[in-house]
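As a basis for the values below, the full set of heavy atoms in this structure was taken, side chains included, without hydrogen atoms, waters or symmetry mates. Here is the naming used below: chain letters follow the sequence lines, and residue numbers restart at 1 for every chain.
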Amino acid sequence: MSVRVRFAPSPTGGLHLGGVRTVLYNYLFARHHGGEFILRIEDTDQSRFVPGAEEYIFRCLKWCGLEPDESPLHGGDYGPYRQSERKEQYRQYAEKLVADGFAYYAFDTPEELEQMREHYKTESNPAPQYDHSIRKKMRNSLTLTRDEVIALLEKNTPHVIRIRMPENELVSFQDMIRGTVEFQTSLVDDKVLLKADGMPTYHLAVVVDDYLMKITHAFRGEEWLPSAPVHVLLWKYLFGLDQMPQWAHLPLILGPGGKLSKRDGAKYGFPVYAMNWTDLKTNELTEGFYERGFLPEAFVNLLALLGWNDGTEKELYTMDELIASFDIERVHKGGAKFDFEKAKWFNQEWIKLKQPSELRDVVYARLLAADLKVTDQALLETVIGLVKDRCALLSDFVQQAGFFFKAPVVLDTAAVLPKWTEAKAVFFEACMQRLKELQSWDHAAIEETFKNLAADHQLKPGDLQLPMRIMLVGGKFGPAVFQIAEIIGKAATLERMEYALRQLRDQASA
RNA sequence: GCCGCGUUGGUCAAGGGGUUAAGACGCCUCCCUUUCACGGAGGAAUCACGGGUUCGAAUCCCGUACGUGGUACCA
């Protein structure tokens, strides 16, 4: 049987780091085994529907290079791939469970449920569950007579269908990451399977759809572990345990203080979503890795290694390498704290790995967005080659490459002013003259001219290079200074020197 | 509260009875570089705690602590 896995998000907002990692592990597993990766939209909660969220998910997956084989967009033989469009199929399964005695109708109103919780709440049990003991005291098809139930149903009385959890059974299953996991059924409540609006809850939908879509391996976040016994039982009742996919519950990704939230991102200044997401109601923007300046290769790479490794010292992987070495059973049990510093390191490594030509388009876009117009693409590649080892994020290119295309306006004169002397001013005036006369404008010739003149003036070249750098760059960074001069050209070099000299003169006398 | 899951340096982590307890990020020192990076050489954990089992435990078992998730007609 060929491997089929699925990622099943609900379109309620931004796509989280943990979500992307779940996609990634699904994707890697599918590719590793030559299987299919399916995307199913779990939009059964109409009250939480957010317009644009589904499109957003597709954009994120595309950027990450994790596109599904089957989805609402890509089609496939097991559609529709949105649960809202499959609504009609769920009821029959719920009814079958009722008929077989594994589920029941419950007519309790939200108010009655609230009363029940209030009534049975004690200090030692602050959150009473609708379970085997409570259900005997509620209005459902277990407590009402058959005629009463029929009458209520005929009158279209709002009702839900709940699973009837067995009283004293041990439910266990094999988790691919955690091994045997066991639950005592008495401690699990009678989860709603079909809501009053006719929509299934996650519990019913996930089982029915995984069955109908022939899912062989089901990976999801650890937060689902407590409801796993419900799902296992549903599989047993509906389709047989031998049909059930193999489960793997992925560890959580944690923030500095606990579960990673978009709050953490805002608080500590790092992105939490794959791409920018703006909440339409609050207008709140949550930053994405894409916008922050991450390469998708780096993003995927760092996520893969957050909770998994192949046992070797290798840390930098291409997607193909990940596919080749990924093994779900080597995924950790414990949650991993996300470290933005390490994330940046991955990005930096990936920028170093890339050829300038591969970086050209994204860097061009960044510069353009920063109001730096680049007309010479070949020049841009040269510049990228010179500065990329200094960039951890794509956004760093604005500073590291920007001065090649636009003269600095604000200069870090504070870096030279303390040691600025009239002798240096005289030197630079002379230097400008010499450079103006220079025949071949290449860095070696410029450097030679510069150093010879320094000797003539009995100044140390080293003491002059920093001022020269500030003149051309504006700050204490960037590649070799004569290299910069060569690239920006004679005219720009002289202009920048003159501009800077004027500022230094003014500021030194002030 | 109850239930589940987890716990190797600040972080990611290898190692699963006998090792000097890998490696990476970050941090610090030095070298290279008279900028900033890159690169190179070094420095800093006894494995949450307490009991067992064993000749021997980070590795197995049991408790405790801590963390984290669930406890909705949300997923």
Residues that A:D209 engages under side chain to side chain donor-acceptor pair (under 3.5 Å), provided they are two or more places apart: A:Q83, A:R86, A:Y90
Among residues 8-18 of chain A, which ones have heavy-atom contacts with RNA chain B below 4.0 Å? A:S10
With a 4.0 Å limit, can you tell me whether A:N309 has a side-chain N or O closer than that to the phosphate oxygens OP1/OP2 of B:A14? yes
Below 4.0 Å: OP1/OP2 of B:A14 and any side-chain N or O of A:H332: yes
Does B:C36 have OP1 or OP2 under 4.0 Å away from a side-chain N or O of A:R469? no
Sole residue of A:V398, A:L380, A:I351 in side chain to side chain contact (heavy atoms under 4.5 Å, CB included) with A:V363: A:L380
Every protein N/O lying under 3.5 Å from an N/O of nucleotides 38-41 of chain B:
residue, atom, partner, partner atom, Å
B:C38, O3', A:K352, NZ, 3.0
B:G39, OP1, A:K352, NZ, 2.8

Can you check nucleotides 3-5 of chain B for protein contacts, nitrogen or oxygen pairs under 3.5 Å, and list what you find?
residue, atom, partner, partner atom, Å
B:C5, O2', A:R178, NH1, 2.6
B:C5, O2', A:E222, OE2, 2.8

Which pairs pass ring-ring contact (aromatic ring centres under 6.0 Å, His included) with one or both residues in residues 192-212 of chain A, sequence neighbours excluded? A:Y202-A:W224, A:Y202-A:H231, A:H203-A:H231, A:Y211-A:F239
Using only heavy-atom distances, decide whether a donor-acceptor pair under 3.5 angstrom links the side-chain of A:K191 to the base of B:A72. no
Looking only at atom P, what distance separates B:A24 and B:U53, rounded to whole Å? 40 Å
Return each pair, listed once, that meets side-chain hydrogen bond (donor to acceptor under 3.5 Å, both in side chains) where at least one residue sits in residues 461-486 of chain A; pairs must be two or more places apart or across chains. none
